[in-house]
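Beneath this line is the structure, given in structure tokens, with notes to follow.
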Amino acid sequence: MKDNAVFRGRFLAFVLLLPSLIILTIFLYYPTIQGMVLSLYRANLFLGTRRFIGLENFKSLFVGTLSPRYIQVVGQSFIFSALVVILGICLSVALATLASQKVRGARIYRLFLIWPFALSPAVAGTIFLFLFNPEVGTVNEVLKTLFGVKPRWLDTPTLAFTLVVLAAVWKNLGYNIVFYLAALQNIPAELGEAAEIDGAGPIQQFFSITFPMVSPMTFFLVFTNLTFSFFDAFGMIDIITGGGPVGPKPFDNAGLTTIMIYQVSEDGFGGSGNSGLAAALGNIILLIVATITFLQFRYGARRVQYGEN
Amino acid sequence: MLADEGKPYRVVLERIGSYRETLQAAVLAARQGNPPHLAQLFEVGSQLAVDSGIFEPIGNVGGGIDLSDYIEPVINYYTIDGAVNSIPFNSSSPILYANKNLMEQVGLDPTDLPQTYGELLETCATIRASDVDTNCITFPLHSWFFEQWMAEQGAPMANNANGRGGRATETLLNSEAALRIGEFMHALGENDYYSYTGKLEDWSGSDAIWLNQETVFHITSTSVSGTLPRNAAENGFETVTGLLPIADGVDRNGVVIGGASLWLLAGHPQEELEVARDFALYMTNTENMISWHKLTGYYPVRQSSVDQLAAEGYFEENPNTSVAFDQLLETIPNTATAGALLGSFLDTRTIIEEALQKIFNGTAGVEEAMNEAKELADARLDEYNANF
């Protein structure tokens with residue numbers, strides 16, 4: 001059989017694509033284009049004003065009085081996303097490998113590991129806030145009883161940043177593990193058996209067989225985790241830290257957990273409704289995510305193994 | 001009144017979310033040609049609401065309304081360019097809440113609460129020196145307190161008479177009055193007298209700290225003067241309340257009214273506007289304001305409600321709430337206590353909170369932090385004003 005089956009009639013292909021295209025146009029392409037146009041205007045949500053100002057909004061982001069804030073926000077977004085993706089992927093592939101071992105109660109472990117996936121970012125944020133509230137949270141109650149310490153989780157810069165990263169990693173864990181479990185089931189058992197006969201230990205098996213075999217899944221998950229960390233971590237951050245605390249110099253121009261998408265919402269909806277400026281920052285995020293995705297497909301795709309050929 | 005004529009109007013209530021979201025929703029609904037009749041908006045959104053042009057000043061509808069019974073500092077806030085824009089509904093200001101039991105354990109007199117920063121810091125030192133394991137004070141790290149402390153000193157937050165004489169073009173966040181507040185925050189941080197969750201604007205976080213007896217004092221809104229002492233009693237301690245402690249060496253000017261008011265949306269037939277207005281007046285009539293106050297602790301905004309509560313002997317039974325009234329009724333009406341009108345008020349709030357956090361953490365000196373705050377707030381204000 002030929003590898004590349006094609007539709008003869010273009011019309012049928014178009015009809016089948018149409019529902020997706022309509023949805024994408026309404027909810028994705030149209031708003032994206034609107035966002036691009038809006039960033040060229042001084043526009044206010046509350047006033048309904050709109051005046052063309054060219055690239056002024058972008059200028060405000062990177063030069064001028066307000067720019068130190070935005071520069072810091074862009075920088076810490078990168079660090080946040082890198083940590084969330086790298087930690088998230090490493091931890092989930094490790095946990096999924098453990099959870100796919102044939103042990104008693106494996107199904108229960110799997111269930112518990114997948115569970116965070118079922119929570120919305122806001123609920124996950126609330127759980128973390130209950131746990132890590134420095135004065136009345138459960139974690140500090142325990143730490144105070146055992147060690148007599150009460151870490152300031154929400155306003156010690158490093159702790160607050162770490163907490164938000166860990167919360168985001170935890171929230172994503174369930175999603176990643178579901179996919180990795182599926183990928184692990186598809187690894188032919190002979191490979192493992194052959195490796196065992198050749199005398200490979202579990203760690204060598206993991207790095208030489210398991211990890212390369214799940215690489216298509218890793219490729220996919222890097223992308224979805226990246227999108228999550230850039231766009232969806234907003235709700236958790238809003239609830240856990242509200243974007244704070246301001247860092248030590250020179251990171252005192254914005255709250256350390258204010259990532260770009262949070263700043264977009266602060267500018268566009270939270271403050272005085274500066275839609276133009278918010279749109280400009282939104283476009284920067286779009287550009288960054290598009291660039292990373294492009295690089296990933298360009299260079300990352302070569303390392304991915306898709307079966308025998 | 002609608003009730004008198006027995007006309008068939010129905011009140012449909014819709015909860016949108018936070019105050020910020022409600023303002024957004026009202027604006028978007030109006031732009032789409034389907035405005036509600038009334039919206040409950042928070043005080044700092046006032047300039048945005050006026051500028052949005054979707055509201056009808058409620059005092060101008062029909063033949064106007066009689067506002068003589070409304071408490072002056074309250075109605076003062078919502079009077080813009082001589083027109084009463086909205087009817088105050090839930091109004092509050094900050095007061096000092098003290099844990100009476102802890103005060104007695106420390107050896108402090110619960111009938112003599114600190115009234116200035118200096119007295120408060122001295123009291124904090126006494127608490128620290130005692131063997132009672134508790135901190136001095138908590139309050140949410142919220143710009144609202146900064147705004148109140150400015151007003152108490154008779155100091156405006158913005159030029160052009162706090163934005164009431166003309167559109168504000170500059171904030172005054174590094175004025176002498178502002179620096180005094182910064183110095184207080186610095187003293188609290190340096191001596192570790194202040195406790196908060198670390199998150200900005202965390203109201204419930206500070207309530208929890210105080211209810212857990214982690215601090216002796218708490219500064220928060222009078223809107224919880226009913227509920228907070230009840231919760232305290234459940235946690236096994238008694239509450240005493242006092243005036244908001246203010247900067248030393250200045251006359252007490254009074255507080256800016258906080259809370260929210262009912263705004264009438266334009267674009268409806270005259271009769272509907274009048275009915276909606278009548279409903280807003282009904283919500284704030286003497287009896288409704290009394291029951292609202294008893295339920296929550298929010299001020300009744302009418303003099304007749306206060307008089308009736310006094311006649312019932314309510315204040316003798318609830319001495320904690322009478323502090324709130326004294327503080328409000330003794331407020332001197334001026335541009336500072338009328339509150340600032342700033343289109344970029346919400347951005348300004350974040351800027352102030354971050355500045356106070358830097359001062360408290362010791363990341364920046366008082367003057368440095370407030371100068372920077374002014375510069376940032378002015379940039380945001382310029383950006384906003386450039387829309388006109």
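All chains are named by letter (A, B, ...) in the order of the sequence lines, taking the proteins before the strands, and each is independently numbered beginning at 1.
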Can you tell me if [atom1] on [X] sees more than 12 non-hydrogen neighbours from other groups inside 6.0 Å?
X       : atom1 : result
Y19(B)  : OH    : yes
F269(A) : CZ    : no
N191(B) : CG    : yes
Q34(A)  : CD    : yes
F117(A) : CZ    : no
F62(A)  : CZ    : yes
F388(B) : CZ    : yes

Quick check on [X] against chain B: is it the side chain, the backbone, both or neither that has a heavy atom closer than 4.5 Å?
X       : value
T156(A) : neither
T65(A)  : both
I53(A)  : neither
N57(A)  : side chain
R51(A)  : side chain

What closest approach, in Å, do [X] and [Y] show between heavy atoms, and which atom pair accounts for it?
X       : Y       : answer
Q357(B) : D155(A) : NE2-CB, 4.2 Å
L129(A) : K199(B) : CD2-NZ, 3.9 Å
L47(A)  : S52(B)  : CD2-N, 3.9 Å

Rounded to the nearest 0.5 Å, how far apart are [atom1] of [X] and [atom2] of [Y]?
X       : Y       : atom1 : atom2 : value
N133(A) : D202(B) : CG    : CG    : 7.0 Å
T258(A) : E354(B) : OG1   : CD    : 6.5 Å
N253(A) : L376(B) : CG    : CG    : 8.0 Å

With a 4.5 angstrom heavy-atom cut-off, which part of [X] approaches chain A: side chain, backbone, both or neither?
X       : value
Q47(B)  : neither
E375(B) : both
N212(B) : side chain
T350(B) : side chain
L23(B)  : both
Y196(B) : both

I want to check something: taking the side chain as every heavy atom from C-beta on, are [X] and [Y] in contact at a cut-off of under 4.5 Å?
X       : Y       : answer
L277(A) : R380(B) : yes
V246(A) : E353(B) : no
N387(B) : N274(A) : no
E135(A) : T138(B) : no

Mind ranking [options] by heavy-atom pairs under 4.5 Å with chain A and telling me who comes out on top?
options                           : result
G343(B), A386(B), G45(B), S195(B) : A386(B)
E372(B), E21(B), R20(B), R31(B)   : R31(B)
I54(B), V27(B), T197(B), L141(B)  : T197(B)

Based on non-hydrogen pairs under 4.5 Å, which of [options] is most in contact with chain B?
options                   : result
G270(A), S272(A), G276(A) : S272(A)
E266(A), R152(A), R50(A)  : R152(A)
G244(A), G137(A), P134(A) : P134(A)

